Amino acid sequence: MKMILRSVCLTVCGTALLALASLASAAEISVVSSGGFAAAYKALCPEFEKATGDTLKSAWGPSMGDTHNAIPQRLERGEPIDVVIMVGNSLDKLVKEGKVDPSSTVLLARSKVALAVKAGAPTPDISTVEALKQTMLNAKSIAYSDSASGKYISNVLIPKLGLADALKDKARMIPAEPVGKVVARGEAEIGFQQLSELKPIEGIHIVGLIPEAVQEVTLFSAGMVKGAKNPEGAKALLKYLASPQSSKIIDDTGLEAANR
């Protein structure tokens, strides 16, 4: 009987010590994600925090540009960030600038551009390139993001379709706000953004992806900021985000998991 009690006591004590050790090692990981991966990141956070005991301190900002919340601007002014999640070519630039550890970077997902209108509005035809072009010509106002998809719309798609002059007074970039919200308020008749950024927005109808012939695939990647305060936590998070177990959740948000 004494041996049994001693065994139980050791087991309980051992469990308690493990719990205390886990609490002692639990730490905060500071993360900034661009909007395109935000829905997937938010869905993945709880499982990571539960499994590790770490707490994710999350913030949001575009992968490029000069707005206050843009990830490059945050790093430039020295914000304490452990992990950044952003458009791949923008992350590559930060690596070249010595701000992100090159050995830490992981490819997370592929993303495509979609078009949305306000909920209840007529659904325009974007089934072909010509139909998309006509829809853009017919629209009274057009909105696009200040990140990767918006740069593509303004710098590539509109000129490629020969619409630069026709749309110069009715197409505009939306800084520091999801395009879907502008469309939902009726401030733009149609809006372009990554499908994953449109899906969480209420009050809009997602018409669909733009035609493959003029589609732009954006890669989302992540990396550890040089000088991260919690490098071990950062590495664990990056490994988790890029793991096969995260793929379905990533896919469900309108992205295509990179490890497919």
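Keep in mind that what you see is a predicted model, and the values were worked out from it rather than measured.
- Taking every heavy atom of both residues into account, Ala43 and Ile249 meet most closely at CB-CG2, 3.4 Å.
- Within 6.0 Å of NZ in Lys181 there are 12 or fewer heavy atoms belonging to other residues, nucleotides or ligands.
- Distance check, rounded to the nearest 0.5 Å: NZ of Lys168 to OG of Ser154 gives 16.0 Å.
- Met136 is listed as a side-chain neighbour of Ile142, based on a closest heavy-atom distance under 4.5 Å.
- No donor-acceptor contact under 3.5 angstrom links the side chains of Ser141 and Glu189, judged on distance only.
- Residues Val217 and Leu195 are members of separate hydrophobic clusters, defined by side-chain heavy-atom contacts under 4.5 angstrom among Ile, Leu, Val, Met, Phe, Trp and Tyr.
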Under the side-chain contact (heavy atoms from CB on, under 4.5 Å) criterion, do Ile29 and Lys57 qualify, and how do the steps go?
-> CA-CA 6 Å; Ile29 306 169; Lys57 180 184 177 183; over 6 Å; no
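- The shortest side-chain heavy-atom distance between Asp251 and Lys248 does not fall under the 4.5 Å cut-off.
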Got a list of side-chain donor-acceptor pairs under 3.5 Å for residues 117-127, not counting sequence neighbours?
residue, atom, partner, partner atom, Å
Asp125, OD1, Ser127, N, 2.9
Asp125, OD1, Ser127, OG, 2.7

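- Screening Ser58, Ser34, Ser246 for a side-chain hydrogen bond (donor to acceptor under 3.5 Å, both in side chains) involving Tyr41 leaves a single residue, Ser58.
- Annotation: ring-ring contact (aromatic ring centres under 6.0 Å, His included) contacts of Tyr152 (sequence neighbours excluded): none.
- Judged as a salt bridge (Lys or Arg N to Asp or Glu O under 4.0 Å), the pairs with a partner in residues 72-90 (not counting sequence neighbours) are, in order, Arg74-Glu79, Glu76-Lys99, Arg77-Glu79.
- A donor-acceptor distance shorter than 3.5 angstrom exists from the side chain of Ser196 to the backbone of Gly36, with no hydrogens or angles considered.
- Judged by distance alone, the side chains of Gln73 and Asn69 never bring a donor and an acceptor atom under 3.5 Å apart.
- Contact of the Trp60 side chain with the Lys42 side chain is registered, since non-hydrogen atoms from C-beta on lie closer than 4.5 Å.
- The shortest non-hydrogen separation linking Ser221 to Gly88 is OG-CA, 3.9 Å.
- Ion pairing between Glu177 and Arg185 holds under the 4.0 Å rule for side-chain N and carboxylate O.
- Hydrophobic clustering, with ILVMFWY side chains joined whenever heavy atoms are under 4.5 angstrom apart, keeps Met86 apart from Leu56.
- Legend: residues meeting ring-ring contact (aromatic ring centres under 6.0 Å, His included) with Tyr144, ordered by chain and number and at least two apart, are absent.
- Interatomic distance, Met173 CE to Asp146 CG, rounded to the nearest 0.5 Å: 6.5 Å.
- Hydrophobic clustering places Val225 together with Val32 (ILVMFWY residues linked when any side-chain heavy atoms are closer than 4.5 Å, directly or through intermediates).
- Leu219 places none of its side-chain heavy atoms less than 4.5 Å from the side chain of Val87.
- Residues Leu94 and Leu75 have side chains in contact (heavy-atom distance under 4.5 Å, counting atoms from C-beta outward).
- Under 4.0 Å is where a charged nitrogen must lie from a carboxylate oxygen, and between Lys229 and Glu28 no such pair does.
- The closest side-chain heavy-atom distance from Glu187 to Arg172 is below 4.5 Å.
- Note: Thr128 OG1 to Glu212 CD = 13.5 Å, rounded to the nearest 0.5 Å.
- Residues meeting the side chain to side chain contact (heavy atoms under 4.5 Å, CB included) test with Pro102, sequence neighbours left out: Val95, Lys226.
- Annotation: side chain of Leu157 is not in contact with side chain of Leu163 (no heavy-atom distance under 4.5 Å).
- Residues Ser149 and Glu216 have side chains that never bring a donor and an acceptor to within less than 3.5 angstrom of each other.
- Residues meeting the side chain to side chain contact (heavy atoms under 4.5 Å, CB included) test with Ser104, sequence neighbours left out: Val100, Asp101, Met224, Leu238.
- Shown here for Val179 and Gly191, the closest heavy-atom pair between the two residues is CG1-CA, 3.7 Å.
- Leu241 CG to Ile250 CD1: the interatomic distance, rounded to the nearest 0.5 Å, is 7.0 Å.
- Note that CD1 of Ile174 and CZ of Phe192 are 13.0 Å apart. Values are rounded to the nearest 0.5 Å.
- Under the 4.5 Å side-chain heavy-atom criterion for ILVMFWY residues, a single connected hydrophobic cluster contains both Val31 and Leu108.
- A salt bridge between Lys96 and Asp92 is absent, with no side-chain N of the basic residue lying under 4.0 Å from a carboxylate O of the acidic one.
- Remark: the backbone N or O of Ala257 is not paired with any side-chain donor or acceptor of Ser247 at under 3.5 angstrom.
- Between Ser147 and Ser63 there is a side-chain heavy-atom pair separated by less than 4.5 Å.
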